[in-house]
Number of protein chains: 2
Amino acid sequence: MTRESHGQHRADDRPAVRRPASIKDVAAAAGVSPTTVSHVLSGNRPVNEQTAARVRSVVNRLGYVPASLARSLQAGSTSVIGLLIPDISNAFFAELAKGAEDAAHDLGYGLILCNTEFDAEREDSYLGLIRSRFVDGMVYASGSSPSRRRLEALMGKFPIALADEEVDGLERALIATADHEAGGRLVGEHLRELGHRRVLMLTGPRALRSGVARAAGFVRAFRGHVVERVGDFKEASGYRLVAKLLEEGGLDCTAVFAANDLMAFGALAALTEAGLSVPGDVSVVGFDDIRAASQINPPLTTVHQPAYDVGRTATAQLLQYVSRGEVPPASRHTLPVTLKVRGSTAPAAG
Amino acid sequence: MTRESHGQHRADDRPAVRRPASIKDVAAAAGVSPTTVSHVLSGNRPVNEQTAARVRSVVNRLGYVPASLARSLQAGSTSVIGLLIPDISNAFFAELAKGAEDAAHDLGYGLILCNTEFDAEREDSYLGLIRSRFVDGMVYASGSSPSRRRLEALMGKFPIALADEEVDGLERALIATADHEAGGRLVGEHLRELGHRRVLMLTGPRALRSGVARAAGFVRAFRGHVVERVGDFKEASGYRLVAKLLEEGGLDCTAVFAANDLMAFGALAALTEAGLSVPGDVSVVGFDDIRAASQINPPLTTVHQPAYDVGRTATAQLLQYVSRGEVPPASRHTLPVTLKVRGSTAPAAG
DNA sequence: CTAGGTATCCAAAGCCCTTTGCACAACCGC
DNA sequence: GCGGTTGTGCAAAGGGCTTTGGATACCTAG
């Protein structure tokens, strides 16, 4: 009992946060029932204009704002979705996030940022958001492979859209993705036309289908010798892989194709440090066309991915169904990519 | 008729989304009361191990996950906060967002991304999130000035933290910001030590307090002659201002200090085009240390801002109070900046 | 004068969960 | 045996909102 009174009202101590006005307070102050207040605010049923005016005035005076939580509970949906991405500080995902945010905001939805750092545990904790129905849906862009199984189970029960990502055996899914295979093909053709015959390809983790598609498209179009090294889409890994090869006695390739721009940056740095000139000695190609790609020296030849559109399309598609309480159907939206030829590629030396 | 059959048999069709199991369903299936289920799951009160096991098995079988919405309603808080920024595709804010997200996730909070594009209307709609108590707090990083007044009113009532942002006359606020003044000072000292005596300073709009602080710190430490030109933080303005001075008969300065990296890039381009060598003839310094700064040629000497830490600190501070249901006190956290000396600065010629 | 609107408003039933006060046994030491 | 623990589980009271089926009063028409 003493403990209770301690919490109740510590006389000389004002409460940490004053309880905000509820619909009951408004009703009482206006001399009507909560029902009427609700009707005035929502317009769901007609209310006598005089009464309505009185209610509105009280609402203003008390600064009443309906608790969206209660409304959501009653409505059975929150008007919030999640966006699951590995790394918001990667310009590609930032751009994608912007597209997703725009689409969500257009339809009055909020967007919860789920940054996973490719950490399976973190991803799971964020997927809890949808299982506990705190979000009405989820845009899933490139997660950690360990959770694929879990994702699969979720997709049947909850509205999920895949952005720039594919999942083996998940046919029944809503997917918006750039044309990775075509992107790889464009690079393959470009390097081939420049006379390159031996290329170092820095891929991402094999579990990510998008990366696999890029590599496949490239190999198919290039038709030369391809040395493959597996990285993790981070700048450091591009640097490390190339530096290691150089140490071990030479690259033995006239070009490097990195599966994303960040790794290309890393490769560029390693090459430059080793005294090699780009594109004089070695050509470098990236993928994504993040902003820095055109600002770096030399400007990076890369495949432009419509990151913004991918995010926007995936989200808009998802919401089209979520907002009607439906589970989205299987459908695929493949967005075109383009090759941006810049200064980092040149005809093969020799 | 055709339309309906298109949507599958509608008469006795299952609903679009099956109603998920509630605590009542679990209780009924396990032959206990909802109370007991709650206790089993929360551990708030001891439950007979045999009963608990039975409940847990039913929970698994039904795939029951408590509706976080109901829990939040009852608890009076949602464990979600908002992050309001102008542009997530700007690398600085993406980094800041990452810090904020990390801090939030560490404490089990979700983060709603509020991207405003400097649009006052959009900002207001997002501030509704906090007024309707859908978020427990808000990290506010650089909003549109029109809403300052509104922000001011909010700060008294709701938990809000300012990130890398200052507001005139808003003393009673929780603020985390980089030490802009010190950054300017570092640059001032650096150029002074290199023997520069006349410097062209490209500032940002005077309305932004952070830019003003940078300039003030610089002037104080440099103690030489400073020519000031006002830009707008964009690359083009850096180019334009320098090009114009060169046309009008010479720079008459041995160094340029731009208030951010983008303007420094512009300045660099203008100088190079005019046949001047950097840093041979003129030294150039930027501010922010965005990625491209180290990749440009020559690599840019600049002030590194801890964007990640600013986001993280602002959020962690906010949550420290929010998680206890308190309104955060006025406090200021100034984070240290560092000077990155790279290839764009050298001793003054002559 | 009554049947059938129409305009207004309210009571009560949820939405799904957690918390708290009790009830009921079974058991303890004295 | 008696007051007093422990262990175990339930009923009921919210938390703040929306929705829905009346209730009430007042009218209009037949």
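Protein chains get the first letters and strands the later ones, always in sequence-line order, with residue 1 at the start of each.
Here the P atom of nucleotide C:dA11 and the CD1 atom of A:I23 are 13 Å apart, to the nearest Å. In this structure, A:H39 atom NE2 and C:dA7 atom P are separated by 15 Å, rounded to whole Å. Atom NZ of B:K24 is separated from atom P of C:dA13 by 12 Å (rounded to the nearest Å). For B:R133 and D:dG16, the CZ to C1' distance is 9 Å, given to the nearest whole Å.
Looking at the side chain of B:R71, the nearest of the listed nucleotides C:dT18, C:dT20, C:dC10 is C:dT18.
Contacts between residues 25-37 of chain A and DNA chain C, counted as heavy-atom distances below 4.0 Å, involve A:G31, A:V32, A:S33, A:T35, A:T36. If you check residues 43-64 of chain A against DNA chain D, the residues with a heavy atom closer than 4.0 Å are A:N44, A:R45, A:Y64, listed by number.
Under the side-chain hydrogen bond (donor to acceptor under 3.5 Å, both in side chains) criterion, B:S132 pairs with A:S68, not counting sequence neighbours.
Within the structure, the salt bridge (Lys or Arg N to Asp or Glu O under 4.0 Å) test picks out the following pairs touching residues 41-56 of chain B (sequence neighbours left out): B:E49-B:R56. Screening residues 23-42 of chain A for salt bridge (Lys or Arg N to Asp or Glu O under 4.0 Å), with sequence neighbours left out, gives A:R19-A:D25.
A:S38 comes within 4.0 angstrom of a base, heavy atoms only.
For A:Q74 and D:dG16, a side-chain-to-base donor-acceptor distance below 3.5 Å is absent, hydrogens and geometry of angles not being considered.
Computed from C1' positions of five pairs at each end, the angle between the two local axes of the helix from C:dC1-D:dG30 to C:dC30-D:dG1 equals 50°, rounded to 10 degrees.
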